[in-house]
2 protein chains.
Amino acid sequence: MASIKDVAVEAGVSVATVSRVLNGHPSVSPGARARVLAAVEALGYRPNAVARSLRTDQTRTLGLVISDVMNPYFTELARSVEEEARALGYSVIIGNADERPDLQDHHVTTLLDRRIDGLLVSPTDGGSPRMLEAARAGTPMVFVDRWIPGVDVPVVRSDGRGAVRDLVAHLYRLGHRRLAIIAGPAATTTGRERVDAFREALAEYGLPLPDDRIGQGDFQAESGRRVTEGFLDLPEPPDVVFAADNLMALGALDAVRARGLRVPEDIALAAFDDIRWFVHTDPPVTAIAQPTGDLGRAAVRALVDRIEGRTGESVTLPARLVVRRSCGESPSGTAHPPSPSPVRRSTP
Amino acid sequence: MASIKDVAVEAGVSVATVSRVLNGHPSVSPGARARVLAAVEALGYRPNAVARSLRTDQTRTLGLVISDVMNPYFTELARSVEEEARALGYSVIIGNADERPDLQDHHVTTLLDRRIDGLLVSPTDGGSPRMLEAARAGTPMVFVDRWIPGVDVPVVRSDGRGAVRDLVAHLYRLGHRRLAIIAGPAATTTGRERVDAFREALAEYGLPLPDDRIGQGDFQAESGRRVTEGFLDLPEPPDVVFAADNLMALGALDAVRARGLRVPEDIALAAFDDIRWFVHTDPPVTAIAQPTGDLGRAAVRALVDRIEGRTGESVTLPARLVVRRSCGESPSGTAHPPSPSPVRRSTP
DNA sequence: CCTCCTCGTGGAATCGATTACACGGAGGAT
DNA sequence: ATCCTCCGTGTAATCGATTCCACGAGGAGG
């Protein structure tokens, strides 16, 4: 592959001049510029990004470590991240942690070894050593969706409190009183937060949330199935199961179906994270939708701000309730979220 | 960040010795080795992959250019590719082309600029200039799923002919006679092949496939909706719609539902590419399943073979029919594919 | 006419690794 | 005792870019 030296020879100038032309420096004569451009064209020359990175100490590359590529929520996030990064002149390297801390560490290490300019992370568990180290060492970093408390890194996430409250109101109005939740891993912030928000909302309606109606999942479909089976085995099974992510909701659907029960007649179902497929499931699933695309874009902007010396602040965007059929038909027949007041947070 | 020079100073040896220890060269005394390792530990040193790549002219990185990340088929492929690559000591950089030739070219260029060791491509259209150029220039390359005829590059794909024949047999047995297909872009091999296979299978049963029952889609949901609406507007709408990928099937489902029609009672539906969500849609969708994981792994092995100087052959794996409810209930009540003979290709 | 800038250009150092080559010392063979 | 090997180690070239510095030419100003 042709190098800058070949171009210099072909154009009859020095490598310095070639480099200046390529980087748009002002002090190059029109004649030299033309000859260099012609040589570049003739040789099909493309600058070696590896060499350039070594010299300039920047790769114009962002690392994105997500918890699970097979989760539509994260692929949508990844897509918007790549889009915004591209618009800003950066590439993105995605690392899939598969909800495994060791894999997350592997990817963080690899990414750091490649000297990416900044890191976007949705941490799988409380804190993998390499990541904390990188954060402390001052690697530009931003957390998306999930974060690690006590680490001084901007967080771009969405706040589901309002939407969860709307959901509980919706369920209450439909007559459901025994509510259960499939929680995410306690080590993740989203795992804890969603349970907390749910519990608080229940408290507002004077509804209890006993321990046997809090199932421990791991954000994967299989755990949703297992937990739901536990719920169904209870002496008094719940009226509703709320899954803290879309994959566990899928598992729950499986478990319910395996018993020959129907949603929502026998048991209702709701999920955190809205995805296209929920429109097409049987029945369509009521879910809490995050503004995923906005989240990804905001995260990239915050990270690039940090990289380029600007501040790069945390961002919190509201989630909203999307009512479908999986919790039962709205008595009024309308499908609007039943927020008592027109709170901006939950309904536009 | 600490460099090899710092480690050398700390350990009281030369950089050459440090490098030798790090690369497991035999001629290093145990004492020196111990001191180097201690220094590495003390400084938290990690080799700079950029510098190493510049010198050795290899990045131990594979590029993967896929047509659409939001398509579960491709995310599963990406996942298995990354897994196998990791096992072989390579990293993967994913480029999402979004079915757009210009984006595909952008990613190929970026990947090549980064001097990836090899390229895995599922081309969006007949041939983007940069890619063809790279193939001609001898960049190790392997096509996955789709390919470009006439380009001398190994292809790892799955053959759906047998499964499509099984599907048509299944439909015939259920009494369907007016079959329609939503095709993929004619510029892609999978787009053409699936139509051809379908037409051939229909011919075996003496069924016609008039032009107005071949709709032109682009592998995206929206096109599936549009084409299906066209079908429903026909004086004699088809009994069955076969979508050449899962996203277009989703669009078809939307269109059918928007008219207040039911699947499979009013019109049956089948899809190429089986994904988890098809189990949960209303109704569950009959689909042709590719061995996606095997495809990804085989592609990586073929590519790494090429990179490391071995041959790296093309691979074709059979797809198989997965019968669900979207084409109607099997008269016999069983859910087995109706292959007349126990062909290995379609039923295990 | 001399001096001083400015402009375009090239030489060479540099980034952080790998590796060919040289060299000194220890040990074995004669 | 001498010579030859081998082993461990260091010096320096190298990969392909960027960029500081110096230099010569030409124009402006005194």
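Lettering follows sequence order; numbering is per chain, from 1.
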Go through [options] for me and flag the one nearest to the [X] side chain.
{"X": "A/S3", "options": "C/dA17, C/dT18, D/dG16", "value": "D/dG16"}
{"X": "A/S19", "options": "D/dG10, D/dT19, D/dA13", "value": "D/dT19"}
{"X": "A/V15", "options": "C/dC15, C/dA12, D/dA12", "value": "C/dA12"}

May I ask you to verify if any side-chain N or O of B/T17 is less than 4.0 angstrom from the OP1 or OP2 atom of D/dT9?
-> no

Are OP1 or OP2 of D/dA17 and a side-chain N or O of A/T56 less than 4.0 angstrom apart?
->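 Answer no for this pair, as no side-chain N or O of A/T56 is under 4.0 Å from OP1 or OP2.
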
What is the distance, to the nearest angstrom, from the [atom1] atom on [X] to the [atom2] atom on [N]?
{"X": "A/D113", "N": "C/dA17", "atom1": "CG", "atom2": "P", "result": "10 Å"}
{"X": "A/R114", "N": "C/dG16", "atom1": "CZ", "atom2": "C1'", "result": "16 Å"}
{"X": "A/D6", "N": "D/dC15", "atom1": "CG", "atom2": "P", "result": "11 Å"}
{"X": "B/I4", "N": "D/dG10", "atom1": "CD1", "atom2": "P", "result": "12 Å"}
{"X": "B/R115", "N": "D/dG16", "atom1": "CZ", "atom2": "C1'", "result": "9 Å"}
{"X": "A/R55", "N": "D/dT14", "atom1": "CZ", "atom2": "P", "result": "19 Å"}
{"X": "A/L54", "N": "C/dC15", "atom1": "CG", "atom2": "P", "result": "9 Å"}
{"X": "B/N48", "N": "D/dG16", "atom1": "CG", "atom2": "C1'", "result": "14 Å"}

Please round to the nearest 0.5 Å and tell me the distance separating atom NE2 of A/H107 and atom CG of A/D98.
->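 Rounded to the nearest 0.5 Å, the NE2-CG separation comes to 9.0 Å.
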
Distance (rounded to the nearest 0.5 Å) between B/D68 CG and B/L247 CG |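 Between atom CG of B/D68 and atom CG of B/L247 there are 6.0 Å.
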
Answer with base, sugar-phosphate or nothing: what part of the nucleic acid does A/V13 contact at a heavy-atom distance below 4.0 Å?
->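 Sugar-phosphate: the residue A/V13, judged by heavy atoms under 4.0 Å, touches backbone atoms but no base.
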
Heavy atoms under 4.0 Å, any strand shown: does B/R52 hit a base, just sugar-phosphate, or nothing?
->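 B/R52: backbone/sugar contact only, no base atoms under 4.0 Å.
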
Closer than 4.0 angstrom, basic N to acidic O: yes or no for [X] and [Y]?
{"X": "A/D102", "Y": "A/R100", "answer": "yes"}
{"X": "A/R130", "Y": "A/D105", "answer": "no"}
{"X": "B/D145", "Y": "B/R157", "answer": "no"}
{"X": "B/E99", "Y": "B/R146", "answer": "yes"}

Residues in residues 20-41 of chain A with a heavy atom under 4.0 Å of DNA chain D, by number, are A/R20, A/N23

B/R114 and A/T59 side chains, donor-acceptor separation under 3.5 Å =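 Note: A/T59 and B/R114 side chains miss the donor-acceptor criterion.
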
